[in-house]
Structures are given as structure tokens and as C-alpha cells.
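Notes follow once the structure below has been shown.
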Amino acid sequence: MFIRNAWYVVAWDYEVLGDTILERTILGQSVIVYRTADGSPVVMENRCCHRAAPLALGRKEGDRIRCMYHGLLFAPDGVCVEIPGQDRIPPTARVKTFPVVQRTRLIWVWMGDIAKADAALIPDTFSVQHPEWRTKPGYKRFAANILLITDNLLDFSHLSYVHEKTLGGTTAIAEAPQEVSGLNQQGVRIQRRVYNTTLAPYHRRLGNFPGLVNRWWDYSLSVSGMFIMSSGVQSVEKPENDFDGALLFHSCQALTPEAADSTHYFFSHAHNFGLYDPTITESTYESIVLAFDEDKRMIEAQGRVLEKDPTREMVHIAADGPLIRYRRLVKALQVQGANDDGCDKAGRVADYLESGVRRKCSVR
Amino acid sequence: MFIRNAWYVVAWDYEVLGDTILERTILGQSVIVYRTADGSPVVMENRCCHRAAPLALGRKEGDRIRCMYHGLLFAPDGVCVEIPGQDRIPPTARVKTFPVVQRTRLIWVWMGDIAKADAALIPDTFSVQHPEWRTKPGYKRFAANILLITDNLLDFSHLSYVHEKTLGGTTAIAEAPQEVSGLNQQGVRIQRRVYNTTLAPYHRRLGNFPGLVNRWWDYSLSVSGMFIMSSGVQSVEKPENDFDGALLFHSCQALTPEAADSTHYFFSHAHNFGLYDPTITESTYESIVLAFDEDKRMIEAQGRVLEKDPTREMVHIAADGPLIRYRRLVKALQVQGANDDGCDKAGRVADYLESGVRRKCSVR
Amino acid sequence: MFIRNAWYVVAWDYEVLGDTILERTILGQSVIVYRTADGSPVVMENRCCHRAAPLALGRKEGDRIRCMYHGLLFAPDGVCVEIPGQDRIPPTARVKTFPVVQRTRLIWVWMGDIAKADAALIPDTFSVQHPEWRTKPGYKRFAANILLITDNLLDFSHLSYVHEKTLGGTTAIAEAPQEVSGLNQQGVRIQRRVYNTTLAPYHRRLGNFPGLVNRWWDYSLSVSGMFIMSSGVQSVEKPENDFDGALLFHSCQALTPEAADSTHYFFSHAHNFGLYDPTITESTYESIVLAFDEDKRMIEAQGRVLEKDPTREMVHIAADGPLIRYRRLVKALQVQGANDDGCDKAGRVADYLESGVRRKCSVR
């Protein structure tokens with residue numbers, strides 16, 4: 001039960017260079033991504049209309065893709081333009097394509113109702129490519145339902161435990177209050193600030209602060225899985241709005257469901273200090289990769305536990321507020337009929353907060 | 001949904017030497033193959049009648065097989081002849097055996113109605129063992145339903161694409177017309193000839209032709225998966241029936257379903273030139289193995305695509321004629337009730353050409 | 001369909017040292033095992049009551065376990081004693097714990113009705129830790145239903161075949177008569193004695209006997225999978241009750257279902273000779289490990305054969321008497337309602353002796 005009417009990241013720009021034909025499964029659908037001669041990205045179903053051979057095993061010929069089983073040739077709009085040994089090409093000989101847009105370094109695809117594919121809805125990911133920011137983007141695949149990852153992102157108390165030795169460093173994060181607000185039914189915004197605390201272990205590599213620091217996070221998560229965050233750390237000795245010497249970050253993280261139980265994670269954690277020191281970019285990237293591995297280990301393990309008994313009730317705590325709010329938004333969109341299938345495995349996991357009243361699903 | 005009343009290859013002779021007990025699954029049934037003292041092959045169910053221990057872990061004792069769990073001993077006809085510590089042997093103590101015949105170097109088994117097991121029906125595989133032919137036989141396992149492999153064999157246009165750099169070399173093969181005829185409802189015969197064309201890349205190792213060549217293939221495929229082909233290449237400068245200097249091949253390829261989604265592939269591609277140059281035999285074998293790996297990669301990938309949505313309609317092209325004809329023959333035999341189970345996974349894939357009207361199967 | 005009201009071994013003492021948090025699945029339930037500061041073992045469900053994170057990824061803090069996802073802290077009785085950032089702890093915030101007792105070097109757990117958890121029911125495993133016995137304990141996981149292993153233990157004729165080159169050495173074992181008796185509906189006792197026979201291959205390392213020997217085995221197997229055996233070998237030249245120079249063994253083997261198709265196997269094969277020669281202990285251990293690998297190979301292969309056709313009838317032989325008797329006892333306990341789920345995969349395999357009248361199970 002995916003939210004289909006939304007833009008999803010299908011790939012980083014660097015994954016589709018030259019004659020690359022990238023295969024990726026998005027919302028349960030296997031597609032290929034390639035570029036035409038002028039560099040425009042194309043997203044096409046990974047199944048030849050003839051006998052279902054994967055076009056990912058095909059060959060790029062200029063703007064076109066040739067199926068390398070029996071030689072059918074397809075234009076970027078999916079229309080078959082050549083069948084070897086045959087003059088007439090039946091009008092049904094075409095492969096489905098999807099609306100696609102590249103913004104900054106991200107390639108976005110729309111898997112839902114084409115009439116609603118408005119490029120103005122694509123989130124602003126300026127810090128991925130901006131003269132005042134530096135970032136090394138990355139990708140991970142989580143073997144878990146997207147909602148287990150959004151749960152994680154919506155409760156930063158986990159920084160104190162999952163990331164104790166990387167992004168956390170103190171239980172003060174878990175104990176700090178947070179402000180939660182809505183985003184016009186399109187997501188949740190959270191602000192958390194910790195005063196007079198210690199540096200995160202991984203920040204020790206990046207800056208020198210003589211004593212205690214203030215730390216803050218201000219982020220939003222959209223229903224379709226886009227996470228945008230401004231965060232920073234500054235010495236307690238500096239006035240409120242003085243960012244001189246502060247470490248400021250801007251993070252763009254896009255979650256795209258691969259299937260009900262796996263999710264693509266595209267991330268960029270940009271910094272706007274040390275712009276001409278590439279070791280800072282590299283070190284920031286490595287720290288984020290390490291921290292995401294900590295998340296991945298916990299979330300995938302949690303998913304395996306849940307899978308054994310997905311309907312069992314959970315004990316809610318105060319920190320669950322944003323999660324519950326966010327899941328209600330997602331649920332409402334799913335019920336609205338944004339999806340073509342009424343009941344699936346993703347739904348089963350999504351439902352677990354409402355474990356008392358679950359629809360019966362016959363799917364495995 | 002297997003065609004049971006047919007001879008299938010269960011093994012090459014060289015797979016069952018000395019005291020070998022070979023385990024192989026054929027038509028979903030696990031069997032063992034071994035030889036009695038006089039060399040006669042025996043095919044027996046791989047399940048002790050006592051407590052279902054696999055006889056493949058047993059021991060050959062002369063003509064007999066001892067189950068090495070509790071020591072029951074079975075004669076080549078499957079009858080239990082010894083139970084340790086017990087005098088009386090119950091008449092039900094027996095293991096099923098199957099009719100088996102060795103011809104040339106192939107061991108054939110009959111998994112259907114024993115009354116119909118007529119050895120005269122076994123295909124003629126003379127070139128596997130013949131003074132005027134040389135061959136090195138081989139085996140591969142394809143993780144795909146047998147019909148995806150027969151589809152492949154029934155449309156040689158794929159030589160131009162899948163085998164572009166090995167058996168193909170030119171799109172002229174895909175563009176050439178072919179003659180299709182029937183084999184008394186027992187299969188399909190196809191002849192294809194390409195004039196004034198270039199050598200296949202792998203033929204360049206085998207012969208020297210100054211200019212262009214003619215190439216031809218004449219083959220039949222039986223409903224039970226036996227493929228027999230005469231093929232060759234000759235200089236365009238030679239008259240029609242002059243085979244002097246030509247490269248002539250005779251190919252025997254036997255497909256045996258292992259299960260609904262996997263198939264044994266026994267092959268021999270014999271040549272009748274360079275009879276005393278073993279490097280030609282070796283080179284021909286290596287070329288075929290390489291080409292079959294190309295097929296395997298494409299067919300298994302196609303199978304995975306189909307598995308996700310097996311009922312979706314396909315767009316037919318002119319080249320699909322023989323495939324559709326062949327699948328109708330197979331279907332007719334299946335409907336005749338050649339099988340004991342009415343509805344299975346093989347059937348599901350087999351049905352995809354008739355995707356509009358599919359029976360419901362509850363099997364996975 | 002597990003027998004729940006019984007003590008099961010969950011771990012050897014050496015598996016839970018220091019701050020270890022051992023994860024193990026018992027009767028289909030994932031649990032953690034750890035020790036409080038005074039060394040008392042604790043068995044707790046491996047699922048945080050908050051959001052199902054595995055406590056196996058948690059941290060031991062004194063007597064307590066902290067969930068390392070969001071920081072909840074649990075006392076050894078399963079009660080949550082701390083939620084970061086929150087004062088009130090809801091009374092439902094607790095994790096299930098299980099009665100646990102350590103005896104000799106084995107940690108026993110009770111997964112059934114707590115009111116019935118009587119420690120007096122724990123089997124006597126004296127030889128695991130006793131001044132007159134030496135042993136090196138071991139563990140293996142069998143990918144097979146527990147009943148296939150109890151079948152194996154209840155018919156020692158397999159020593160002649162499965163263990164021909166290790167524990168067996170002669171077909172005389174399979175041919176020897178045995179005495180079978182009951183254990184108050186709680187198990188089966190078997191005595192087998194072989195006169196004037198040869199040494200087992202592995203005994204040749206342990207003792208020097210000039211000529212023939214007598215060998216004997218006296219063992220019981222409880223319905224919950226506890227196997228206790230006295231066995232030995234003595235020269236035929238010694239009088240009946242003279243154990244001087246004999247090789248005497250006492251074996252404690254505990255089977256604990258992990259799931260329907262896998263079983264934990266905890267074993268100790270103690271010897272009471274050569275008490276001050278550690279090479280004898282090591283050699284005995286190695287022999288047992290080797291022999292259990294022989295069993296494992298056969299039993300797992302048998303399980304795979306059975307899985308393909310679990311309802312097919314078997315041919316019974318005389319040696320099956322104890323197996324059938326034992327399975328009837330197990331069945332009776334299962335039918336009594338010792339289990340919470342009425343029909344599962346274990347049941348399916350358990351039922352195969354009564355293959356004619358099987359209940360329909362919809363489980364996979």
C-alpha cells in the first residue's frame with residue numbers, strides 16, 4: 001500500500017552516467033533509468049512488451065533502448081520503433097514510461113496518476129548543489145518497511161542510544177523536550193534543542209569548542225518520505241544568533257519504497273563550514289554512513305521481530321506523539337485510494353499501531 | 001503440469017560410473033540412478049519405504065542399494081530383500097523404480113504410465129556416438145520453466161542479439177525468413193537459411209572462408225523437449241550441394257523438467273570435420289557452453305520478470321508463430337490428462353500466452 | 001505444536017558469561033538469556049514492549065537490561081523502571097519473563113503455565129558436573145523437527161549404519177534384541193546389549209581389549225526430549241558385574257525445539273575412567289561431535305524428503321515399536337491441550353505416522 005501520487009527519488013545523478021542502464025525497483029515496480037543523448041533521464045518499465053525480457057539487459061542505441069532478446073527497439077516515450085524481420089509494428093507494441101525530472105543531483109520519478117505529476121511539488125534540495133554548501137551524497141538499501149524508518153526519524157531520542165558513540169553522546173537528547181507541528185496534512189515538523197550539553201562524538205573531529213555547547217535540530221518529514229533538516233552545534237558562550245564558529249548542517253534524505261519490506265535511502269548531509277577542505281566533506285560522509293549503519297542494524301532487527309507478530313499491541317510513550325501523528329496522515333492518504341491495491345504487506349506493518357482493529361489480509 | 005508419458009534424459013553415461021549413486025530430481029520426483037554389476041542403469045525413487053531416508057545417502061552393494069539409516073536392502077526392482085534384525089519382510093516393503101534405457105551415451109527414463117513405455121519412441125541421437133562425428137557432451141541447469149527454453153529454441157532471431165558475439169554476428173539471421181512445419185502433433189520443425197552473410201564469431205576459430213558464406217539450420221523440437229538439429233556454414237562460392245570445406249554440425253539437446261521452475265539441459269553439439277583434431281571438439285564445446293550461458297542469463301532473467309506478473313498479456317510478433325504452435329501442442333497433451341495433478345506452477349507459466357482465460361490455481 | 005509444560009534447556013552455562021546477552025529461539029519464541037550481578041540467570045522475551053526492538057541489541061546495566069533503541073530500562077522481572085524524558089511509567093510497560101533454573105551446568109527454562117513450573121521436575125544431569133565423571137559439553141542445531149531426532153534416538157539399529165565407522169562397527173547392534181518399557185507415560189526406556197562383539201571404531205582410541213567385548217546401552221527419553229543414558233563396553237572375559245577396565249559412559253542430551261523444523265541439541269557424554277587424562281575427555285567429545293554430524297546429515301536429509309510428501313504412508317518394521325509408543329505419548333500430551341495453537345507445522349510432521357487421518361492445516 002504505497003502512496004503513489006508523489007515524487008520519489010529513483011537515483012542519484014552519478015548512478016546514471018554515459019550508456020548506463022540502471023535497474024531499480026520502486027514501489028514494487030522494476031524500472032530502468034537511462035539518459036538520452038542530451039542527458040535527459042528516462043524511466044521505463046523493465047519488461048519488454050514482446051516476451052517480458054528485462055530491458056535492463058538491453059543496449060542503449062542513441063536515445064533508444066534495444067531489447068537484446070529478440071531485438072525490438074524502443075524510443076524514449078516507450079513506443080516500439082523496430083521489430084527485426086517485420087515491417088508492420090502493432091500499436092500495442094510499447095513499454096510504459098514514467099514522468100521524470102532531475103533537480104540538483106537527484107532524479108525524481110512519478111509512479112502515480114500522470115495528470116497529477118506537477119514538477120512544482122518536488123522538494124527543494126538546494127544544499128545538494130550550492131556554492132555555500134558541500135556534500136558527498138550516498139545511498140543505502142534498508143531491508144525494512146519505510147514506516148519503520150520514518151518512525152526512527154520522528155523520534156530523535158534514539159540518538160542517545162542507537163548513536164551513543166557517533167551522533168549522540170549524551171542522554172540529554174532523549175530527555176530534551178521537542179516542538180511538533182504539522183505541514184498542511186503533508187507531513188510533520190519537529191524542533192529539538194539541547195542546552196549546555198556535550199559535543200557529539202563525531203563532531204569532535206570537525207570543530208574545537210572549549211566547553212559546553214548548545215545543539216539543535218529542525219526538520220520536516222513529508223508523507224512521501226522526504227526528510228529535510230537544518231541542524232547545528234555552537235558554543236554556549238556565543239549569543240543566541242551568533243553562528244560564528246558554529247557547525248551548521250543541512251540534510252536532504254529521500255526514502256523511496258522498493259517493496260513492502262525494503263526501502264531505498266538516498267542521503268546528503270551538507271556542511272557550510274570548511275568549504276575548501278575536502279577532508280571535512282569526506283569525514284562528514286563517513287560519520288553519516290556509520291550512523292546510518294547503526295540505524296539499519298536496529299531497524300532491520302526490529303522489522304524481523306515485528307514480522308513474527310505484527311498485530312501485537314505496543315506500549316505507547318510520550319515520545320511517540322509525532323510517529324502516531326505521521327502514521328495517521330499516511331493512513332488517511334492510503335485510505336483515500338491513492339493506491340490501486342487495497343491490502344498488502346506494507347499495509348500490514350503500517351497497521352500495527354492500530355493493532356486492535358486490523359483488516360484481514362490474505363497476502364503473505 | 002508435466003508431460004509424463006515421454007522418455008526423458010536423466011543423466012549422461014559419464015555421470016554414473018562405478019559405484020556412483022547419482023541423485024537427480026526429474027518432473028518433481030527425486031530419484032537415484034546407479035548401475036548394476038553388468039552396467040545396466042537403474043532409476044529408483046530416492047526415498048526409503050521405511051522412514052523416508054534418502055537412498056542417495058545409501059550404499060551400493062553389488063546390484064543392490066542399502067539404506068544407510070536402518071539398513072534395509074533393496075534389489076534393482078525395488079523390492080526389499082533384507083531388514084536387519086527381522087526375518088519376515090512385509091510385501092509392502094518396496095521402493096518404486098522406473099523404466100530406464102541407455103542409448104548412445106544418454107540414460108533415458110520413463111516417469112509416466114509404464115504400459116506405454118515403448119523404447120522405440122526414444123529419439124535417435126546417433127551423432128553423440130558415431131565414427132563420423134565428434135562431440136564433448138555437457139550439462140547445465142536452468143532456473144527456468146522448460147517452456148521458456150523451448151520458446152528460445154523456437155525463435156532463432158535471438159541469435160542476432162543474445163548471441164551477437166558468439167553464434168550470431170549479424171542481424172541477417174533475425175531478418176531471414178523461416179519454414180515451419182509440424183511433426184504429427186509431436187513437435188515442430190523449422191528451417192532457416194541465410195545467404196551471403198558473415199561468419200559467426202565463433203566459427204572464425206574453426207574454418208577459413210575467404211568471403212561471404214551461406215548459413216543454415218534445420219531442426220525439430222518434440223513436445224517432450226528433445227531438440228535435434230543439422231546446421232552448417234559454407235562459402236557462397238561453392239555450389240548448392242557441395243559440402244567440401246563446409247562446417248557441418250549435428251546437435252542433440254534434451255530438456256528435462258526438474259521442477260516447475262527449473263530444467264535440466266543435456267547437450268551435445270557434434271562436428272563432422274577435423275575428426276582427428278581434439279582441439280576442434282574442445283573449442284566447439286566451449287563455444288556452446290558460452291552461448292548457453294548467454295541464453296541462461298536472459299531466460300532466467302525473463303523468468304523472474306514473468307514471475308512477478310505471469311498473467312499480463314504479451315504483444316505477439318511474426319516470429320512467435322512456432323512458439324504459439326508448439327505451446328498449443330503441449331497444452332493439448334496436458335489437457336488430455338497426461339498428468340496426475342490438474343493445476344500447478346508450471347501450468348501457471350505455461351498458461352501465460354492465454355493470459356486472458358486462466359484457471360485459478362491455489363498453489364504458490 | 002510444542003509440549004509447553006516442561007523444562008527445556010535454553011543454554012549451557014558457558015554460553016552466558018559476564019555481560020553476555022544471549023539470543024535464542026525456544027518453542028518458536030525469541031528470548032534473551034543473561035545473568036544478574038549474583039549470577040542468577042534471567043530469561044526474558046526478546047522484544048521491547050515499546051516498539052518491538054530486540055532486547056538482544058540492548059545493554060546490560062547491573063541486573064537490568066536497557067533497550068538501545070529508545071532507552072527503556074527493564075528489571076529482571078520484566079518491569080520497565082525507566083523511560084527517558086518521561087516521569088510516569090505506564091503499568092503495561094513490561095516484558096514477559098520466564099521461570100529459569102540452573103542445574104549442574106545447564107540453564108533450564110519453563111515456557112508453559114507458570115503455576116506448573118515445579119523445579120523438582122528438572123531431570124538429574126549429575127554426570128555433567130561430578131567428581132567421578134569428566135565431560136566436555138557441546139551444542140548443535142539440527143534443521144529438523146524434534147521428532148525426527150527422537151526417532152533416531154529410539155532406534156539404535158542406526159548405529160550399525162549411520163555410525164558404521166564411529167559408534168557402531170558391526171551389524172550385530174542392529175540385529176540385537178532390546179527391552180522396552182514405559183516411564184509413567186512420561187517417556188520410554190530402552191535396554192540393548194550385544195554379546196561377543198567387536199569394539200566400536202572410536203573406542204579403539206580409548207581402551208585396549210585383547211579380544212571380543214560385550215557392549216550395552218540403557219537409556220530413557222522423556223516426552224520433552226531429555227535423553228539420559230548409561231552405556232559401556234567390557235571384555236567378554238570379565239564376569240558380569242566386574243567393571244574393572246571397562247569403558248563406562250553417562251550421557252545427558254537435551255533436545256529443545258527451536259521451531260517446527262529446527263531443534264537445539266545440548267549434549268554431554270561423560271566418561272568415568274581416565275579422570276586425570278584430559279585427552280580422553282577431548283577425544284570422547286570429538287567422537288560424539290563426529291557421530292552427531294553423521295546423524296545430522298541423515299536426519300536433515302530425511303526431513304527434506306518428508307517435507308515433499310509428509311502424508312505418505314510408511315512401512316513399519318519391528319524396530320519401530322519404541323518410536324510408535326513414544327509418538328503416541330507425545331500426541332496424547334499435545335491433544336490434552338498443552339499447547340495454545342491447535343495446528344502447526346510441527347504437528348504436520350508429527351502426524352505422519354498416522355498419515356491416514358490427518359487434520360487439515362492451512363499453515364504454510
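Sequence lines set the chain letters: A, B, ... in the order given, protein chains first and strands last, and positions in each chain run from 1.
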Non-hydrogen atoms of B:M298 and A:A53 that approach each other most closely = SD-CB, 4.0 Å
Between A:R59 and chain B, which part of the residue has a heavy atom less than 4.5 Å away: side chain, backbone, both or neither?
-> side chain
At a heavy-atom separation under 4.5 Å, does B:D320 approach chain A through its side chain, its backbone, both, or neither?
-> side chain
What part of A:L72 gets closer than 4.5 Å to chain B, counting heavy atoms only: side chain, backbone, both or neither?
-> side chain
One should read off an interatomic distance between A:H70 NE2 and B:N152 CG, to the nearest 0.5 angstrom, of 6.5 Å
Locate the shortest heavy-atom distance separating B:R297 from A:L57; write the atom from each residue and the value.
-> NH2-CD2, 3.1 Å
Ionic contact status for B:E164 with A:R66, cut-off 4.0 Å = no
Run the numbers on B:D309 and A:R47 for side chain to side chain contact (heavy atoms under 4.5 Å, CB included), then give the verdict.
-> CA-CA 10 Å; B:D309 191 358; A:R47 175 177 165 137; 3.9 Å; yes
Quick check: are there more than 12 heavy atoms from other residues, nucleotides or ligands sitting under 6.0 Å from CG of A:D38?
-> yes
Output the option from A:G71, A:C48, A:A56 having the highest count of non-hydrogen pairs under 4.5 Å with chain B.
-> A:G71
Closest non-hydrogen atoms of A:P90 and B:V315, given as atom of the first, atom of the second and distance, are CG-CG1, 4.0 Å
Is atom CZ of B:R192 surrounded by more than 12 heavy atoms (other residues, nucleotides or ligands) closer than 6.0 Å?
-> yes
Please look at B:I299 and chain A and tell me whether the side chain, the backbone, both or neither of the residue comes under 4.5 angstrom of a heavy atom of that chain.
-> side chain
Side chain, backbone, both or neither: which part of B:E294 has a heavy atom under 4.5 Å from chain A?
-> neither
For B:K308, look at atom NZ and say whether over 12 heavy atoms of other residues, nucleotides or ligands are found less than 6.0 Å away.
-> yes
Part of A:E45 within contact of chain B (heavy atom distance under 4.5 Å) | side chain
Residue, of A:P54, A:G85, A:C67, that accumulates the most heavy atom pairs under 4.5 Å with chain B | A:P54
Go through the atoms of B:R304 and report whether side chain, backbone, both or neither lie under 4.5 Å from a heavy atom of chain A.
-> neither
State the CE-NE2 distance between A:M68 and B:H158, to the nearest 0.5 angstrom.
-> 11.5 Å
Non-hydrogen atoms of A:Y69 and B:Q302 that approach each other most closely | CE1-OE1, 3.6 Å
Would you give the length of the straight line joining atom CZ of A:R51 to atom CG of B:D155, rounded to the nearest 0.5 angstrom?
-> 8.5 Å
Assess whether atom NZ of B:K165 is packed by more than 12 heavy atoms of other residues, nucleotides or ligands within 6.0 Å.
-> no
